[in-house]
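Note that this is a predicted model, so its numbers are computed, not measured. Throughout, numbering of the chain's residues begins at 1 and tracks the sequence.
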Amino acid sequence: MKLNNKKMSNTMFAPCGMNCTVCYKHCYHPKPCQGCLNSDLGKPEHCRKCKIKECTKEKGWTYCFQCEEFPCLLIKKLEKSYLKRYQTSLIANSKFVIENGLDEFMKKQTEVYTCQNCEGIISLHDNECSECQTKKLDLRK
């Protein structure tokens, strides 16, 4: 999958701090997931039944960082998993958005997760380009 207009959409920023554009379900499927803030169409079961997404809805927030309890136990548990498995901090993503805005975050994500070879999207989950399957060794650069 390649980016439309070479820009990641702000609507793909999930309540937890994940950029859904770089999720494997968005990158690789003919009918990609449209992100946590949109339809459940194309989402894996764990995303459809996400306790974090339900919590934000119940509290009337769009993003977890809007809550006075941020980061709560649910976010800390997911954070631990993402740090270990993908070397990515969802809490740091949210703090970046708080300090710099969502536009700036998605602009930075576009730079980091766009394949230099073919302009496909590099999946956070497998560190591979959705188009040419090139592996990116260090996503923080």
Side-chain angles (χ1 to χ4, degrees), residues 1-116 118-141:
M1 165 169 283
K2 292 192 179 190
L3 293 174
N4 295 330
N5 302 320
K6 298 187 183 197
K7 182 179 184 248
M8 293 184 184
S9 171
N10 290 359
T11 63
M12 296 299 282
F13 187 73
C16 65
M18 170 67 182
N19 173 7
C20 293
T21 309
V22 299
C23 173
Y24 72 99
K25 274 298 201 181
H26 181 77
C27 291
Y28 296 117
H29 293 273
K31 293 181 181 180
C33 167
Q34 296 302 304
C36 289
L37 296 178
N38 298 303
S39 158
D40 277 345
L41 193 64
K43 284 189 175 93
E45 185 176 357
H46 68 274
C47 290
R48 289 191 311 268
K49 295 181 176 182
C50 177
K51 291 179 183 178
I52 293 171
K53 186 172 72 169
E54 289 304 314
C55 179
T56 56
K57 278 184 185 178
E58 286 172 13
K59 292 184 176 185
W61 303 117
T62 304
Y63 307 110
C64 293
F65 67 75
Q66 295 169 307
C67 182
E68 61 280 350
E69 295 176 41
F70 177 80
C72 69
L73 200 53
L74 285 173
I75 289 294
K76 287 178 182 177
K77 183 178 176 185
L78 186 61
E79 170 82 354
K80 185 176 179 180
S81 171
Y82 266 71
L83 281 171
K84 182 178 179 182
R85 296 166 71 194
Y86 312 117
Q87 298 74 53
T88 297
S89 171
L90 303 178
I91 293 173
N93 288 353
S94 292
K95 288 181 178 180
F96 185 94
V97 172
I98 292 167
E99 294 171 11
N100 302 284
L102 191 49
D103 286 335
E104 192 60 33
F105 175 78
M106 293 308 267
K107 181 180 173 185
K108 184 177 177 183
Q109 292 279 288
T110 300
E111 292 168 8
V112 171
Y113 290 102
T114 299
C115 179
Q116 299 301 309
C118 72
E119 297 186 347
I121 299 170
I122 298 169
S123 167
L124 169 80
H125 296 111
D126 64 8
N127 202 22
E128 184 177 278
C129 175
S130 60
E131 298 296 307
C132 69
Q133 286 70 51
T134 297
K135 290 275 189 185
K136 186 165 183 180
L137 299 176
D138 187 354
L139 292 175
R140 295 182 219 190
K141 290 183 179 181

Open item on the list: Within the structure provided, determine whether Y24 and E128 are in side-chain contact (heavy-atom separation under 4.5 Å).
Closed with: no
Open item on the list: What I'd like to find out is whether the side chain of Y86 reaches to under 4.5 Å of the side chain of S123, using heavy atoms alone.
Closed with: no
Task: Working for side chain to side chain contact (heavy atoms under 4.5 Å, CB included), residues L78 and M18 - done: CA-CA 10 Å; L78 186 61; M18 170 67 182; over 6 Å; no
Open item on the list: Looking at every heavy atom in both Q116 and E111, which two are closest together, and how far apart are they?
Closed with: NE2-O, 4.2 Å
TODO: For residues I122 and V112, report the shortest heavy-atom separation together with the two atoms involved.
DONE: CD1-O, 4.4 Å
- [ ] Rounded to the nearest 0.5 Å, what's the gap from NZ on K49 to NZ on K51? Could you check?
- [x] 11.0 Å
Open item on the list: Once rounded to the nearest 0.5 Å, what's the spacing between atom CZ of R48 and atom NZ of K53?
Closed with: 9.0 Å
Task: Heavy-atom side-chain proximity of N19 to M8 below 4.5 angstrom - done: yes
Open item on the list: More than 12 heavy atoms of other residues, nucleotides or ligands under 6.0 Å from NZ of K108: yes or no?
Closed with: no
Side-chain polar contacts of residues 63-74 - donor-acceptor pairs under 3.5 angstrom, sequence neighbours left out - could you list them?
residue	atom	partner	partner atom	Å
Q66	OE1	T62	N	2.8
Q66	OE1	Y63	N	2.7
E69	OE2	K59	NZ	3.1

Open item on the list: Distance check, rounded to the nearest 0.5 Å: M106 atom CE versus F96 atom CZ?
Closed with: 11.5 Å
Task: CG-CD distance between L124 and Q87, expressed to the nearest 0.5 angstrom - done: 9.0 Å
- [ ] Side-chain contact test, heavy atoms from C-beta onward, threshold under 4.5 Å: evaluate it for I75 versus C16 and give yes or no.
- [x] yes
Task: Nearest-0.5 Å distance, CD1 of residue I98 to CG of residue N100 - done: 10.5 Å
Task: E119 versus T114, closest heavy-atom pair with distance - done: CA-CG2, 3.8 Å
TODO: Taking the side chain as every heavy atom from C-beta outward, state whether C50 and C36 have any pair of such atoms under 4.5 Å apart.
DONE: no
Task: Atom of C129, atom of G120 and distance for their closest heavy-atom approach - done: SG-CA, 3.8 Å
- [ ] Taking all heavy atoms of I121 and all of T21, pick out the closest pair and write down the distance.
- [x] CG2-O, 3.7 Å
Open item on the list: Looking at every heavy atom in both S89 and E79, which two are closest together, and how far apart are they?
Closed with: OG-OE2, 2.6 Å
- [ ] Measure the spacing between CG of N10 and NZ of K107 and express it to the nearest 0.5 Å.
- [x] 12.5 Å
TODO: Check step by step if side chain to side chain contact (heavy atoms under 4.5 Å, CB included) holds for F13 and S94.
DONE: CA-CA 9 Å; F13 187 73; S94 292; 4.2 Å; yes
